[in-house]
Amino acid sequence: MKTRGILMMLLVLAVAAGLSWVSYYGVGSNGTLSAANIKQGLDLSGGVYIVYEADQADVTPEEMQAAVSLIQGRMDWNGWTEAEVAKEGDHRIRVDIPGVEDAEEAIREIGQTAQLSFVDQEGKVLLTGDMVENATKQVGATSSGGTAEPYIALEFNEEGTELFAEATKANIGKPIYIMMDGEIISAPIVQTSITDGHASITGDFTGESAEELASLIRAGSLPFNLNVIQMKNVGARLGADALSSGILAGVVGMALVLVFMLVVYKLLGLAADIALVIYIGLELTLLSALGITLTLPGIAGIVLSIGMAVDANVVIFERLKEELIMGKTLRLAVKNGFSRAFPAILDGNVTTLIAAAVLFLLGSGTVKGFATTLIMGILISMFTALVVTRLIIQAMMHSGLYNPKYYGMRSK
């Protein structure tokens with residue numbers, strides 16, 4: 001039994017050391033999964049953010065999504081692969097571009113209106129995007145006896161129907177290039193003359209790629225303009241200072257918590273400290289693996305969830321202490337302590353999760369960053385407090401550390 005306890009402790013310590021190593025150094029030459037590879041928000045890395053607003057009130061969600069796709073496409077074309085574009089409410093779009101210093105220059109690069117055109121092989125414009133009434137992703141068989149697959153359905157207005165009929169009649173067997181701002185986004189081959197104003201673009205599409213192309217085509221015929229209502233530069237130096245301050249606050253807070261738990265709860269505090277090290281390693285590794293963007297409020301969310309993890313351990317240890325005062329053996333006190341503490345820990349964490357979920361769903365930017373790390377931290381902290389801490393305490397008991405005095409408390 002003693003050997004088993006020692007092996008359990010060695011295994012837990014190995015996991016803690018392994019997670020610490022991975023979160024600091026990463027895996028492989030690129031440092032995959034390391035904290036250094038965590039994506040940083042504008043408030044940490046510097047850059048610009050821009051908020052656009054539709055100039056009309058009656059804008060549909062589909063039209064706003066088309067505008068998001070348009071701007072995201074322009075981000076990619078300009079090489080801003082780390083940029084993030086997202087809806088903000090019903091009529092606004094927020095653009096975050098790390099590493100860019102001039103917001104006005106970024107606005108000029110992005111532009112405000114989409115230029116969609118249908119062009120033949122000779123470069124002649126056959127019709128323009130304002131003649132497309134709708135473009136949607138569909139799933140179904142595109143040929144007799146074929147299997148269901150994603151494709152894009154196009155619908156033209158009266159003028160577009162006439163011009164598209166002429167274009168398809170003259171280009172059977174040839175491609176018609178669909179171009180956005182001078183870039184080819186699709187080149188379907190004309191199979192037959194299309195005169196009813198309804199066409200389909202088929203190919204090796206996934207559901208996601210078909211929706212993306214449909215959104216880009218819809219963006220070429222948006223019935224509204226996007227106006228810049230807010231823009232801001234965040235200096236790289238300011239971001240670096242914010243990051244170093246946030247890291248320092250986290251390290252100091254973590255160190256104080258570790259010392260407090262060790263002094264007050266002795267071996268129980270040591271168990272909680274090891275569990276907290278595992279918690280930090282898991283959180284940093286998952287942030288890197290999932291590609292979550294870390295913001296300064298996100299660091300605050302991590303520090304807050306550390307406090308909640310410690311709070312869960314304190315609740316458990318106090319329940320355990322009550323069991324020992326009642327004259328229970330250490331083994332039974334541990335079992336009952338975790339059982340009695342579980343409802344309180346669950347209720348407290350669930351209510352916080354609900355609040356964090358509301359922030360995530362209704363918030364934006366840094367508010368959403370705070371909610372993301374808080375939600376992740378709560379889930380991990382519950383696992384480490386209820387599973388890892390218990391495993392460590394059991395390993396200590398199996399190793400022969402069975403005297404209640406070692407745990408900072410006395411039984412009657």
Side-chain angles (χ1 to χ4, degrees), residues 16-27 30-49 82 96 98-99 101 232-265 269-270 272-314 352 356 359 363 365-381 384-385 388:
L19 283 172
S20 299
W21 175 276
V22 170
S23 62
Y24 190 81
Y25 293 103
V27 178
N30 295 327
T32 305
L33 302 181
S34 69
N37 279 345
I38 296 175
K39 293 170 60 178
Q40 297 178 10
L42 292 184
D43 53 353
L44 298 180
S45 64
V48 303
Y49 79 79
E82 296 299 318
D96 292 338
E101 298 181 357
K232 184 178 180 181
N233 294 306
V234 180
R237 181 65 208 169
L238 179 63
D241 291 342
L243 178 60
S244 61
S245 299
I247 292 175
L248 178 61
V251 170
V252 171
M254 182 72 174
L256 291 175
V257 167
L258 293 176
V259 172
F260 172 83
M261 294 298 291
L262 191 60
V263 169
V264 174
Y265 291 103
L270 177 61
D273 287 352
I274 297 172
L276 282 175
V277 170
I278 292 176
Y279 161 84
I280 292 295
L282 281 173
E283 176 111 31
L284 295 177
T285 302
L286 286 175
L287 283 172
S288 181
L290 299 177
I292 295 173
T293 300
L294 183 64
T295 61
L296 192 58
I299 295 177
I302 294 175
V303 176
L304 177 59
S305 58
I306 290 174
M308 297 190 66
V310 174
D311 179 67
N313 281 307
V314 169
T352 307
L359 287 175
T366 55
V367 174
K368 184 169 288 190
F370 171 77
T372 301
T373 56
L374 182 57
I375 291 171
M376 180 182 295
I378 290 171
L379 295 175
I380 298 174
S381 68
T384 54
V388 177

**Q** If we ignore hydrogens and angles and just use 3.5 Å, is the side chain of S23 paired with the main-chain N or O of A35 as donor and acceptor?
**A** no
**Q** In Å, rounded to the nearest 0.5 Å, how long is the span from OG of S305 to CG of D311?
**A** 12.5 Å
**Q** Is there a donor-acceptor pair closer than 3.5 Å between any side-chain N or O of T384 and the backbone N or O of S381?
**A** yes
**Q** Given side chains that start at C-beta, do those of V388 and Y279 come closer than 4.5 Å, heavy atoms only?
**A** no
**Q** Less than 4.5 Å apart, side chain to side chain, heavy atoms only: is that true for L294 and I302?
**A** yes
**Q** What are the two closest heavy atoms between S288 and S34, and how far apart are they?
**A** OG-O, 3.2 Å
**Q** What distance do N37 atom CG and N30 atom CG have between them, rounded to the nearest 0.5 Å?
**A** 7.5 Å
**Q** Do you know which two heavy atoms are closest between A385 and A312, and how far apart they sit?
**A** CB-CB, 3.7 Å
**Q** With a 4.5 Å cut-off on side-chain heavy atoms, are V277 and S20 touching?
**A** yes
**Q** Give me the atom names and distance for the closest heavy-atom approach of A309 to L276.
**A** CB-CD2, 3.8 Å
**Q** Just wondering, do Y24 and L284 contact through their side chains at under 4.5 Å, heavy atoms?
**A** no
**Q** What distance do E283 atom CD and L379 atom CG have between them, rounded to the nearest 0.5 Å?
**A** 9.5 Å
**Q** Taking the side chain as every heavy atom from C-beta outward, state whether F370 and L374 have any pair of such atoms under 4.5 Å apart.
**A** yes
**Q** So, the side chain of T373 versus the backbone of G298: is there a donor-acceptor pair under 3.5 Å, distance only?
**A** yes
**Q** Side chains of I280 and I306: closer than 4.5 Å at any heavy-atom pair?
**A** yes
**Q** How long is the gap from OG1 on T352 to CE on M308, to the nearest 0.5 Å?
**A** 3.5 Å
**Q** Side chains of I274 and L270, heavy atoms from C-beta outward: is any pair under 4.5 Å?
**A** yes
**Q** Roughly how far, to the nearest 0.5 Å, is CE of M376 from CG of L290?
**A** 5.0 Å
**Q** How long is the gap from OG1 on T285 to CG on L33, to the nearest 0.5 Å?
**A** 6.0 Å
